[in-house]
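A short worksheet on the structure shown next.
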Amino acid sequence: MAEVLVYVDHVDGAVRKPTLELLTLARRIGEPVAVALGAGAENTAAVLAEHGAVKVLTADAPEFAEYLVVPKVDALQAAHEAVSPAAVLVPSSAEGKEIAARLAVRIGSGIITDAVDLEAGDEGPVATQSAFAASFTTKSRVSKGTPVITVKPNSAPVEAAPAAGAVEALAVTFGALATGTKVTSRTPRESTGRPELTEAAIVVSGGRGVNGAENFSIIEALADSLGAAVGASRAAVDAGWYPHTNQVGQTGKSVSPQLYVAAGISGAIQHRAGMQTSKTIVAVNKDAEAPIFELVDYGVVGDLFEVVPQLTEEIEARKG
């Protein structure tokens, strides 16, 4: 069976969930070979093996931490040359998509971004994507070179599938461009204790109907009761009620959780483009004609200031 390269997104050896989802998809089309780079790369092997990696290629060098993107592309290109894979899978983050695009150019291959599913095909992997602001679902495949595919978080389940996970050192030669952009400083992001928005299994978002920054505490309370991330519509962000980093939509972040709760959000196409692939959608809005109700699985026509606190209270009671 052909091997499939999986780029590992990790922090000092702690593997992030989207990578484990990629291993699930990789097993559908071949044998996963993980590529872990930077500090703690070797510490990823046990988790990767537990989820199906037959081999883990590791490399660590100062360049991975001190310079942006290009050293990682150099390493992934070296892995591609060593393995000759059937495909290369990368998490669909901002950095992941840049790495994938640069790699595709270097190896002369086609690229598919923001896939939400992946299956084996007679002529190579077939990827499912949402197109035109999630109005259409498409299936496509790369017709030239090794397919390079980025996959959105929450597109596949995390499944245990124990494999060998043999660790091998990856020899990397950095090119002249690797040191072109240097990282001069880093500022740790303040932790809210909530899941990362793009990776969360549950997202609770507030919109114009929240009617003020002080009222987002209602949204946060519901999110915390569910162990969810907090999102916001563009209208709420533009009004200064919530940080731009939490914006869900075409000009914000794209999410695909198991459960998406929209409170006080009308459902403009800009917002729908960022959340329409959610598995289950629940909306609370006092306007029965709001466009959001066109795509929900469950809708509540009512005042969010009455409905959301009651929902939070009920969830807490059931948990207790």
Side-chain angles (χ1 to χ4, degrees), residues 1-10 15-37 48 51-57 69-70 72-132 134 136-159 161 198-199 253-256 273-274 276-277:
M1 185 177 287
E3 294 179 318
V4 178
L5 283 183
V6 174
Y7 176 76
V8 178
D9 184 4
H10 72 98
V15 180
R16 300 181 69 177
K17 181 171 169 277
T19 297
L20 304 181
E21 295 169 3
L22 289 187
L23 291 173
T24 298
L25 294 174
R27 294 198 305 273
R28 298 179 186 175
I29 58 176
E31 295 185 329
V33 174
V35 181
L37 309 173
L48 297 172
H51 292 84
V54 298
K55 191 186 304 180
V56 181
L57 305 179
V69 181
V70 179
K72 297 174 182 178
V73 180
D74 289 340
L76 206 51
Q77 182 179 9
H80 176 270
E81 293 170 355
V83 173
S84 298
V88 181
L89 306 185
V90 182
S92 203
S93 61
E95 181 183 71
K97 284 188 277 193
E98 182 172 357
I99 291 172
R102 287 174 178 264
L103 177 67
V105 170
R106 288 195 188 185
I107 64 178
S109 296
I111 181 173
I112 294 173
T113 59
D114 289 336
V116 295
D117 199 6
L118 195 62
E119 59 190 88
D122 294 336
E123 299 180 69
V126 177
T128 301
Q129 296 167 284
S130 293
F132 296 107
F136 295 88
T137 297
T138 67
K139 288 184 179 290
S140 53
R141 66 175 179 83
V142 170
S143 59
K144 179 182 178 182
T146 303
V148 180
I149 303 171
T150 74
V151 181
K152 291 176 66 173
N154 293 311
S155 295
V158 174
E159 298 174 349
T198 56
E199 300 174 16
K253 292 182 177 178
S254 181
V255 300
S256 187
Q276 195 159 325
T277 57

Checklist entry - Do NZ/NE/NH1/NH2 and the carboxylate oxygens of D74 and R106 come within less than 4.0 Å? => result yes
Next on the checklist: For a quick test of reading the model, state the closest non-hydrogen atom pair linking P91 to P18 and the distance between them.
Outcome noted: CB-CB, 4.3 Å
Next on the checklist: I need the minimum non-hydrogen distance between V35 and A79, along with the two atoms involved.
Outcome noted: CG2-CB, 3.9 Å
Next on the checklist: Between V4 and L25, is there a side-chain heavy-atom distance shorter than 4.5 Å?
Outcome noted: no
Checklist entry - Counting distance only, does the side-chain N/O of T277 pair as donor-acceptor with the main-chain N or O of S256 below 3.5 Å? => result no
Item to check | Sub-4.5 Å side-chain heavy-atom contact between R141 and P147 | outcome: no
Checklist entry - Is there side-chain contact between L103 and V90, with heavy atoms separated by less than 4.5 Å? => result no
Next on the checklist: Let me confirm one number: the NE2-CG distance from H51 to L23, rounded to the nearest 0.5 Å.
Outcome noted: 8.0 Å
Checklist entry - Hey, mind stepping through L89 and L118 against side chain to side chain contact (heavy atoms under 4.5 Å, CB included) and telling me if it holds? => result CA-CA 10 Å; L89 306 185; L118 195 62; 3.7 Å; yes
Checklist entry - Looking at V126 and G121, what are the two nearest heavy atoms and their distance? => result CG2-CA, 4.2 Å
Checklist entry - Is there a donor-acceptor pair closer than 3.5 Å between any side-chain N or O of E21 and the backbone N or O of N154? => result yes
Checklist entry - Can you find a pair of side-chain heavy atoms, one from I111 and one from V142, that are under 4.5 Å apart? => result no
Next on the checklist: Show the nearest heavy-atom pair for residues E199 and K17, with the distance to one decimal.
Outcome noted: O-NZ, 3.9 Å
Checklist entry - Is there side-chain contact between P85 and T146, with heavy atoms separated by less than 4.5 Å? => result yes
Checklist entry - At what distance, to the nearest 0.5 angstrom, does OH of Y7 lie from CG of L76? => result 8.0 Å
Next on the checklist: Can you confirm whether H10 sits close enough to T19 that some side-chain heavy atom of one is under 4.5 Å from a side-chain heavy atom of the other?
Outcome noted: no
Next on the checklist: Distance alone, cut at 3.5 Å: any donor-acceptor contact between the side chains of D114 and S92?
Outcome noted: yes
Item to check | Pairwise side-chain contact, Q276 with S130, heavy-atom cut-off 4.5 Å (strictly under) | outcome: no
Item to check | K139/E119 ion pair, N-O < 4.0 Å | outcome: yes
Next on the checklist: Between R28 and D117, does any NZ, NE, NH1 or NH2 come within less than 4.0 Å of an OD or OE carboxylate oxygen?
Outcome noted: yes
Next on the checklist: With rounding to the nearest 0.5 angstrom, report the NZ to OG1 distance, K152 to T113.
Outcome noted: 10.0 Å
Item to check | Spatial distance of atom CD1 (I107) from atom NE2 (H80) [nearest 0.5 Å] | outcome: 3.5 Å
Item to check | Side chain to side chain, L22 and D9, heavy atoms closer than 4.5 Å | outcome: no
Item to check | side chain to side chain contact (heavy atoms under 4.5 Å, CB included) evaluation trace for V8 with L37 | outcome: CA-CA 8 Å; V8 178; L37 309 173; over 6 Å; no
Checklist entry - Which atoms form the tightest heavy-atom contact between P157 and T24, and what is the distance? => result O-OG1, 2.7 Å
Checklist outcome for this item: Nearest heavy-atom contact between S140 and Q129 is OG-OE1, 3.1 Å
